[in-house]
Amino acid sequence: MMQMQEKAQGTLRVFVVENHPDTLDSIQLYLSDLGHEVGTAMTLQRAEELLPAFRPDLLICDIGLPDGTGWELLERLRPCESMLCVAMSGFGRNADNARSREVGFRYHLLKPFRAAELDAIIAAAQAERSAREERE
Amino acid sequence: MTNDGQPTGAELIAAIEEQLRDLADQFHDHLCQPLAAASPLVALISRAVARHEPVAPEQLARLQTAISAAIDQARMIGWQLAPPDLRGAGLLSGLETLAQQANCQFVCERAVLLQDPGAALVLFRSAQDGLRCLLPEQDGSVRLVLTRTAEVVRLELHARLRESAVMNLIRCRVLEARGAFELFSAPRNGFAVAVGHPAASGKMHE
């Protein structure tokens with residue numbers, strides 16, 4: 001019972017934007033197995049459609065998308081403070097941290113990443129949400 | 001470009017930088033992506049094992065697919081960086097493989113069996129570098145054509161190519177081998193390179 005309560009408290013709404021289907025599936029499986037509620041999109045347009053209603057605690061977004069960039073997504077959405085935004089990009093490509101910070105990404109996951117790096121991002125989002133809930 | 005048609009040092013450095021960026025893109029698209037897919041799956045399966053829970057067969061299948069893709073791509077990148085022996089029939093099979101990887105047609109009507117590894121490498125690298133410059137949408141079929149006369153072996157790439165500093169690298173390679181480089185009249189319609197045939201006197205005509 002205690003374990004279930006802890007899990008429910010730590011459960012996040014996570015939205016993942018990634019155009020590589022296998023990578024997206026793996027991240028989704030991984031997060032779902034941890035008990036998080038996961039929404040996904042493979043394009044910028046689909047993410048724009050789904051994100052406002054999903055209202056995630058954590059957004060993990062690939063920078064290079066088939067119809068635009070993760071930077072464009074954040075510029076258009078203007079995310080609120082309650083959403084922790086994490087950019088994801090591959091080695092040698094679009095790893096422009098300054099641009100990412102400018103539009104509101106607070107962390108950068110460099111692909112391929114270790115599961116521990118994803119865990120650290122999740123922990124940060126959980127900590128932020130707990131702090132926010134305490135303030136409220 | 002210098003007065004004798006050789007690329008300058010700055011042009012060659014720009015070409016090398018462009019090649020390194022292309023290589024980084026290749027790593028990202030073909031190697032980082034399957035590894036990015038495999039990494040969470042390994043953690044997921046480890047977690048299930050630690051909890052003494054059964055591992056879902058589809059998770060194992062996904063992991064196997066991701067690792068298999070990464071192995072194939074690592075081999076391909078390794079092969080492209082250090083091609084196998086290109087002497088004899090090696091050049092033909094190397095060019096055929098390059099054409100398959102780039103989804104282009106390879107045409108060679110008369111067998112070309114070069115014994116000079118330097119000349120074969122010039123032809124192979126020219127094809128490889130040229131194919132990396134393909135524009136994503138081609139009007140017609142992309143063709144790699146290998147022909148020979150008594151004096152020269154000529155390789156032509158017929159395709160729409162992006163503006164690229166790598167052309168200077170191809171030009172430099174060919175001129176170093178005392179060969180000839182020709183950019184087709186329309187600027188983005190491909191190029192030809194020719195190197196001397198070892199059966200001939202060693203000199204070639206442009």
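- For B:Gln64, the CD atom is loosely surrounded, since the number of other residues' heavy atoms within 6.0 Å does not exceed 12.
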Starting from the C-alpha separation in whole Å, work towards a yes-or-no answer on salt bridge (charged side-chain N to carboxylate O under 4.0 Å, His left out) for A:Asp25 and B:Arg62.
CA-CA 9 Å; A:Asp25 281 352; B:Arg62 279 168 197 257; 3.0 Å; yes
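- Minimum interatomic distance between A:Asp33 and B:Leu44 (heavy atoms only, all atoms of both residues): CB-CD1, 3.2 Å.
- Around atom CD of A:Gln45, no more than 12 heavy atoms belonging to other residues, nucleotides or ligands sit under 6.0 Å away.
- B:Leu35 approaches A:Pro112 most closely through the heavy-atom pair CB-CB, 3.6 Å.
- Between the CG atom in A:Leu118 and the OG atom in B:Ser39 there is a gap of 8.5 Å [rounded to 0.5 Å].
- The environment of B:Arg87 atom CZ is sparse: at most 12 non-hydrogen atoms of other residues, nucleotides or ligands sit within 6.0 angstrom.
- In B:Arg51, the CZ atom is crowded: over 12 heavy atoms of neighbouring residues, nucleotides or ligands sit closer than 6.0 Å.
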side-chain contact (heavy atoms from CB on, under 4.5 Å) between A:Asp22 and B:Gln33, intermediate numbers included:
CA-CA 8 Å; A:Asp22 293 339; B:Gln33 288 290 19; over 6 Å; no
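- The minimum heavy-atom distance between B:Ala43 and A:Ala115, with the atom names listed, is CB-CB, 3.3 Å.
- For B:Glu53, the CD atom is densely surrounded, since the number of other residues' heavy atoms within 6.0 Å is greater than 12.
- With hydrogens and angles ignored, the 3.5 Å screen pairs no side-chain donor or acceptor of A:Ser26 with any backbone N or O of B:Leu41.
- Heavy-atom neighbours of B:Asn103 CG from other residues, nucleotides or ligands within 6.0 Å: at or below the threshold of 12.
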